[in-house]
Each structure stands twice: as C-alpha cells, then as structure tokens.
Amino acid sequence: LTCWHYVTRWNMSTRFDIVNCKPQSEWANRAEHLDPQRKEIFRKKLVEEYWEETIYNLERSANSIWDINVKEEHERRAKIYVEELKKYYV
C-alpha cells in the first residue's frame, strides 16, 4: 500500500491532512495520474466519507500559503488521531 493524496503531496498546507491521505495500492496511485477521471471518483468517495464542506475546506487550504507552526499543527493532528482511535478501540 501507498499513501494517496487527493491534493498533491507537494502542497505542504495539505500534505499531512488526515482527510487528504488514504491508503491505496501502488498501481492505483500511479493510474490516477494517467486517468484524470479517477480523481473525480476519489473526490466523490471523500465527500461520502467526510461531507462536501470538509472537502471544500481541504481544496481551499490547498490554495493557501503554508503558514503554520509545525509543532502546534503536529499536536493538533495527534489529538484528532487519538480521538479517532478512541471511536474504534474504547
């Protein structure tokens, strides 16, 4: 498995966003670059999982300048991850 990014991983403002990263086979990850329609299919799946507003905000973040405190952002995302884990394991 590889990490698939809805917004390209070269975009630092969304690179480590949990919504933006999904596990995917290496073949599917490479095929996405060859077939532009695949990205729209993945977008629909993300909307089903996270709602339209969340994906809109992700796309909007992709157009912003990466101006965050890395330590604070890491801590924020770690808290979100722990809360997600609690849903399944507690």
Side-chain angles (χ1 to χ4, degrees):
L1 289 177
T2 61
C3 184
W4 170 77
H5 295 81
Y6 171 64
V7 175
T8 179
R9 68 180 181 191
W10 299 111
N11 188 314
M12 296 305 291
S13 62
T14 58
R15 183 173 189 170
F16 301 107
D17 192 307
I18 294 171
V19 174
N20 192 42
C21 302
K22 295 291 172 204
Q24 182 171 273
S25 73
E26 188 173 343
W27 176 87
N29 205 358
R30 293 181 189 275
E32 179 212 329
H33 300 291
L34 302 174
D35 182 3
Q37 292 178 341
R38 289 179 64 81
K39 187 167 186 171
E40 190 56 35
I41 293 168
F42 286 127
R43 186 187 192 287
K44 288 178 184 177
K45 290 180 180 181
L46 288 174
V47 168
E48 287 174 6
E49 187 173 347
Y50 294 108
W51 302 91
E52 180 71 37
E53 182 179 356
T54 304
I55 305 310
Y56 171 78
N57 289 335
L58 178 68
E59 293 166 339
R60 197 166 145 221
S61 293
N63 295 321
S64 67
I65 297 172
W66 195 44
D67 185 26
I68 60 170
N69 179 310
V70 175
K71 183 179 179 190
E72 288 176 11
E73 184 65 9
H74 176 72
E75 290 170 355
R76 183 186 74 81
R77 291 172 193 250
K79 287 178 186 176
I80 292 170
Y81 183 69
V82 168
E83 291 303 314
E84 288 296 312
L85 288 176
K86 286 179 182 178
K87 291 179 186 177
Y88 298 100
Y89 298 106
V90 174

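Keep in mind that what you see is a predicted model, and the values were worked out from it rather than measured.
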**OP:** With rounding to the nearest 0.5 Å, note down the distance linking CD1 in Ile55 to NZ in Lys45.
**Re:** 13.5 Å

**OP:** Taking all heavy atoms of Val7 and all of Leu58, pick out the closest pair and write down the distance.
**Re:** CG2-CG, 4.1 Å

**OP:** In sequence, state the C-alpha distance, the side-chain angles, and the governing distance for Arg43 and Glu40, and then conclude on salt bridge (charged side-chain N to carboxylate O under 4.0 Å, His left out).
**Re:** CA-CA 5 Å; Arg43 186 187 192 287; Glu40 190 56 35; 5.0 Å; no

**OP:** Taking only Lys NZ, Arg NE, NH1 and NH2, and the carboxylate oxygens of Asp or Glu, determine whether Glu83 and Lys86 approach each other closer than 4.0 Å.
**Re:** yes

Original post:
Do other residues, nucleotides or ligands put more than 12 heavy atoms under 6.0 Å from the OH atom of Tyr81?
Top reply: no

Subject >> Interatomic spacing from CZ in Phe16 to NE2 in His5 - rounded to 0.5 Å >> reply: 7.0 Å

**OP:** Spell out, yes or no, whether Val19 and Trp51 are grouped together once hydrophobic residues are joined by side-chain heavy atoms under 4.5 Å, including indirect joins.
**Re:** no

**OP:** Over all heavy atoms of both residues, which pair between Leu1 and Ser25 is shortest? Give the atoms and the distance, please.
**Re:** CD2-N, 4.0 Å

Subject >> CD-CZ distance between Glu53 and Arg60, expressed to the nearest 0.5 angstrom >> reply: 10.0 Å

Original post:
From Thr54 OG1 over to Asn20 CG, what is the distance, rounded to the nearest 0.5 angstrom?
Top reply: 12.5 Å

**OP:** Enter the distance from Tyr6:OH to Lys22:NZ here, rounded to the nearest 0.5 Å.
**Re:** 13.5 Å

Original post:
What's the spacing between Ile80 CD1 and Asp17 CG if we round to 0.5 Å?
Top reply: 8.0 Å

